[in-house]
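Just so you know, ligand 1 is whichever comes first in the structure, and atom 1 is the first atom listed for that ligand.
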Amino acid sequence: MSEVEVLEAPVADTHPARGTHLYLSGVTVAFDGFRAINNLALVVGKGELRTIIGPNGAGKTTMMDIITGKTRPDAGEVFFDGNIDLTKRDESEIANLGIGRKFQKPTVFENLTVFENLELALRYNRGTWKTLLARLNGEQRDTIDTMLAQIALSERRSEQAGALSHGQKQWLEIGMLLIQDAQLLLLDEPVAGMTDHETMATAELILSLAGQRTLVVVEHDMEFVRSLGAKVTVLHEGSVLAEGSIDHVQADQRVVDVYLGR
Ligand SMILES: Nc1ncnc2c1ncn2[C@@H]1O[C@H](COP(=O)(O)OP(=O)(O)OP(=O)(O)O)[C@@H](O)[C@H]1O
Ligand SMILES: [Mg+2]
């Protein structure tokens, strides 16, 4: 633990955030008086896979904006890894803590090869450029090779990222977060625009990470959400409407009324 965190001593030993990986409580944010997030609570354990569903405008993306420091909450607690108060950190500090975010639109370097994209991500790790000009050592090459296999892009390694399909670009971007050692990954609609085959492969990739990384996945594709088999949190009007297994939330009449039945 760094000196800064010791001095900060943000939470007591008895605080409920202790032992959690991501902890939100009483979080509220308003835009021009409209409460996009309203007394939101969310607790995700280390290594947990959590899916988030809810209607358009429910506050799913805004919740990710708050976790990553893009938006400051008006009230409430946001803790990472038990005792790190994210409301006191800026976006780059939060990224350097190991919180990686994927937006809906892929943001890879189109003119670089697949391999080079991963190489850049590996060299730019937690806010510092590591030996930008030095040749990659064997261990670094192995790390990139392993990641290429994990994201099913080994055969495309020498091609420009711009030539990849939409789904493959998404995988490359997830690979870039993984190779930067992100411990908490926030994926906002990762399978939007993917083919059925790509969607299935993405579910497999996410499931292969379960237990090793903490994942919070927002999706509208219910078949995909079901295939992940994880606990589901339903957001509505900035708050948690229901939480539990997919069968549990799908059987909840309020969830049907505001989301599934529409
Ligand atoms: N920066 C902002 N300024 C003003 N209003 C905002 C801002 N960000 C979000 N909102 C509003 O907050 C509400 C929640 O939006 P958000 O994007 O979080 O919903 P969402 O659950 O991600 O929806 P979708 O499923 O369509 O992506 C919406 O009414 C949106 O218009
Ligand atoms: Mg959204």
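Nearest to atom 10 (N) of ligand 1 by heavy-atom distance, out of Phe34, Phe31, Tyr259, is Phe31. Looking at Lys60, Arg35, Glu219, it is Lys60 that brings a heavy atom closest to atom 25 (O) of ligand 1.
With salt bridges taken as basic N to acidic carboxylate O contacts below 4.0 Å, none links Lys169 and Glu173. Using a 4.0 Å cut-off between charged nitrogen and carboxylate oxygen, Glu159 and Arg156 count as a salt-bridge pair. Salt-bridge annotation for Arg254 and Asp257: absent, with no side-chain N of the basic residue lying under 4.0 Å from a carboxylate O of the acidic one. Between Asp65 and Arg101 there is a salt bridge, since a side-chain N of the basic residue sits under 4.0 Å from a carboxylate O of the acidic one. In this structure, Lys60 does not pair ionically with Glu189, as no charged nitrogen and carboxylate oxygen lie closer than 4.0 Å.
Each of the atoms 9 (C), 14 (C), 15 (O), 16 (P), 18 (O) of ligand 1 lies under 4.0 Å from some heavy atom of Thr62. Atoms of ligand 1 found under 4.0 Å from any heavy atom of Ala36, numbered from 1 in the order shown, are 12 (O), 13 (C). Atom numbering of ligand 1 starts at 1 in the shown order; those under 4.0 Å from a heavy atom of Asn56 are 23 (O), 24 (P), 25 (O), 26 (O).
Only the side chain of Glu189 comes within 4.0 Å of ligand 1, counting heavy atoms alone; its backbone N, CA, C and O stay farther away.
Ligand 1 has no N or O atom lying under 3.5 Å from any N or O atom of Gly54, backbone or side chain.
Metal site remark for the Mg ion (ligand 2): Thr61 contributes an N, O or S atom at a distance under 2.8 Å.
Residue contacts with ligand 1 include His220, since one of its heavy atoms falls under 4.0 Å from the ligand. Look at Met64 and you'll find every heavy atom at least 4.0 Å from all atoms of ligand 1.
Here the shortest heavy-atom pairing between Arg213 and Leu185 reads CB-CD1, 3.8 Å.
Applying the ring-ring contact (aromatic ring centres under 6.0 Å, His included) criterion to Phe80, with sequence neighbours excluded, gives His21.
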